[in-house]
There are 2 protein chains.
Amino acid sequence: MYNIILKHLEEKVTLSLEEKELIKTFFKPQKLKKKQFLVIEGYVCKYLTFVSKGLLKSYNVDEKGNEHINQFTPEGWWTSDMNSFFSGEISFYSINAIEDSDILTITVEDFDNLTLQVPVMDRYFRILFQNSLITKERRLISSHTHNAEEKYRHIAENNPDLIKRVPQNLLASYLGLSPETLSRLKKNLLLE
Amino acid sequence: MYNIILKHLEEKVTLSLEEKELIKTFFKPQKLKKKQFLVIEGYVCKYLTFVSKGLLKSYNVDEKGNEHINQFTPEGWWTSDMNSFFSGEISFYSINAIEDSDILTITVEDFDNLTLQVPVMDRYFRILFQNSLITKERRLISSHTHNAEEKYRHIAENNPDLIKRVPQNLLASYLGLSPETLSRLKKNLLLE
DNA sequence: AAATTCGATTGATCTATATCAAGTTTATTC
DNA sequence: GAATAAACTTGATATAGATCAATCGAATTT
């Protein structure tokens with residue numbers, strides 16, 4: 001149950017046996033069925049969540065009712081509305097399951113205790129957030145620099161696994177494109 | 001020289017006198033004149049930089065020669081090409097001074113030593129990166145959800161200081177707009 | 001202070017992508 | 001396995017914002 005997360009942590013920091021045992025006690029295993037919600041926009045996001053198995057999406061809905069996907073979270077990654085989680089404000093995003101998923105959740109209070117009792121977890125999350133920041137920055141630049149085709153090509157090259165797993169209309173939303181545009185663009189790529 | 005950065009650190013973590021003295025020794029004060037470069041795209045970004053005074057911009061240039069601004073860094077904030085800094089790969093961004101600036105720089109080796117010798121710095125950077133991540137995420141969603149006018153309104157409300165300080169064409173680049181579009185849009189806002 | 005560079009404005013035109021609509025295929029659900 | 005709902009495709013049309021070009025004003029440099 002906990003070996004995936006521990007393996008993941010140990011890729012970035014070294015942990016003693018005692019630390020590992022302690023860490024386990026902070027995380028609660030849960031299951032999400034496909035289409036089930038982990039967080040609903042407008043409510044407080046109570047958990048920081050590690051996905052052990054499955055796939056979640058984090059998204060928000062604009063005034064016109066369009067869904068904008070912020071992040072896909074497959075196994076081995078973390079998800080949350082970080083602002084809501086850390087500040088206690090209401091969540092800007094909804095998070096729900098694209099596939100049946102196994103997750104491990106931690107509350108803010110426990111997160112605070114965890115980092116105080118196992119300080120190396122601050123280092124772990126420092127490195128984790130640092131890497132996420134690099135990725136987010138790249139995506140933002142890409143959204144300004146690249147046209148629709150370049151955005152698709154980029155993700156197809158860098159996340160071939162993801163594009164196989166995710167319905168095309170959700171991928172379009174993630175890339176900031178309409179489903180029609182993505183469909184046409186893929187057709188053109190095949191014809192070339 | 002170091003009081004600004006220490007004050008900044010102490011907003012997020014508590015530091016002993018000894019820790020503060022130790023921290024100081026890791027940072028090298030430097031000055032940048034307006035238009036001077038801290039990092040040049042294609043070279044390795046050797047420093048993580050805290051800005052004590054002034055204003056820097058981080059940007060990259062696309063194939064067509066257009067500049068895309070990734071970040072403005074006024075006093076009290078950090079800048080770097082994080083990927084280049086931490087991985088040693090060549091930099092994707094250039095960073096240069098919009099105003100004459102006072103900065104404090106640290107190398108990766110020193111950064112590693114700093115976090116090992118003063119572990120609470122991992123916590124500091126965890127919190128810093130965590131907050132940056134929230135901001136970047138919002139910007140990315142905004143770039144998909146909002147039109148030109150909404151993007152401008154948003155930054156005008158949240159960073160009124162910045163829009164006073166930054167030339168309009170650079171602001172346009174930061175928002176992913178052409179300078180002409182931003183100019184027209186501001187005119188319309190005034191007429192309303 | 002003159003010269004030069006840089007930034008902002010305005011107009012005309014173009015284009016990538018969105019939107020609307022209908023039809024088809026593929027998955028779910030009962 | 002029939003019914004229903006999602007997901008994808010294709011066409012026609014609309015539009016936000018880019019691009020090109022010219023002018024004007026402001027600020028920096030010599």
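Convention: sequence-line order gives letters A, B, ...; per-chain numbering from 1. All heavy atoms count here, side chains included; hydrogens, waters and symmetry mates do not.
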Test side chain to side chain donor-acceptor pair (under 3.5 Å), reference B/Glu99, set B/Lys34, B/Arg165, B/Lys33, output is B/Arg165
Just by distance, no angles: are the side chains of A/Thr181 and A/Ser178 close enough, under 3.5 Å, to form a donor-acceptor pair? yes
Output one line per pair: protein atom, nucleotide atom from nucleotides 26-30 of chain C, and distance, for all N/O pairs under 3.5 Å.
| residue | atom | partner | partner atom | Å |
| --- | --- | --- | --- | --- |
| C/dT28 | OP1 | A/Lys34 | NZ | 3.1 |

Using whole Å, what does the distance between atom [atom2] of nucleotide [N] and atom [atom1] of [X] come to?
X        : N      : atom1 : atom2 : value
B/Asp62  : D/dA18 : CG    : P     : 13 Å
A/Leu175 : C/dT17 : CG    : C1'   : 14 Å
B/Leu170 : C/dG7  : CG    : P     : 7 Å
A/Gln168 : D/dA6  : CD    : C1'   : 13 Å
B/His146 : D/dG17 : NE2   : C1'   : 17 Å

Sequence neighbours excluded and cut-off under 3.5 Å, please list the side-chain donor-acceptor pairs for residues 38-61 of chain B, or say none.
| residue | atom | partner | partner atom | Å |
| --- | --- | --- | --- | --- |
| B/Glu41 | OE1 | B/Val61 | N | 3.4 |
| B/Lys57 | NZ | B/Glu67 | OE2 | 3.1 |
| B/Ser58 | OG | B/Asn70 | ND2 | 3.2 |

Show the distances under 3.5 angstrom between N or O atoms of the protein and N or O atoms of nucleotides 19-24 of chain D.
| residue | atom | partner | partner atom | Å |
| --- | --- | --- | --- | --- |
| D/dT19 | O4 | B/Arg184 | NH2 | 2.9 |
| D/dC20 | N4 | B/Glu180 | OE2 | 3.1 |

Quick one: side chain to side chain donor-acceptor pair (under 3.5 Å) partners of A/His8, sequence neighbours excluded?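 Applying side chain to side chain donor-acceptor pair (under 3.5 Å) to A/His8 gives A/Tyr124.
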Mind jotting down which residue pairs meet the ring pair (Phe, Tyr, Trp, His ring centres under 6.0 Å) criterion with at least one end in residues 93-121 of chain A? Sequence neighbours excluded, please.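 Every ring pair (Phe, Tyr, Trp, His ring centres under 6.0 Å) pair that includes a residue of residues 93-121 of chain A, provided the two are not neighbours, is A/Phe86-A/Phe111, A/Phe111-A/Phe125.
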Donor-acceptor pairs are to be reported for all side-chain atoms of residues 22-30 of chain B against protein atoms at under 3.5 Å, with residues two or more places apart or in another chain.
| residue | atom | partner | partner atom | Å |
| --- | --- | --- | --- | --- |
| B/Lys24 | NZ | B/Glu21 | OE2 | 3.3 |
| B/Thr25 | OG1 | B/Leu22 | O | 2.5 |
| B/Gln30 | OE1 | B/Thr105 | OG1 | 3.0 |

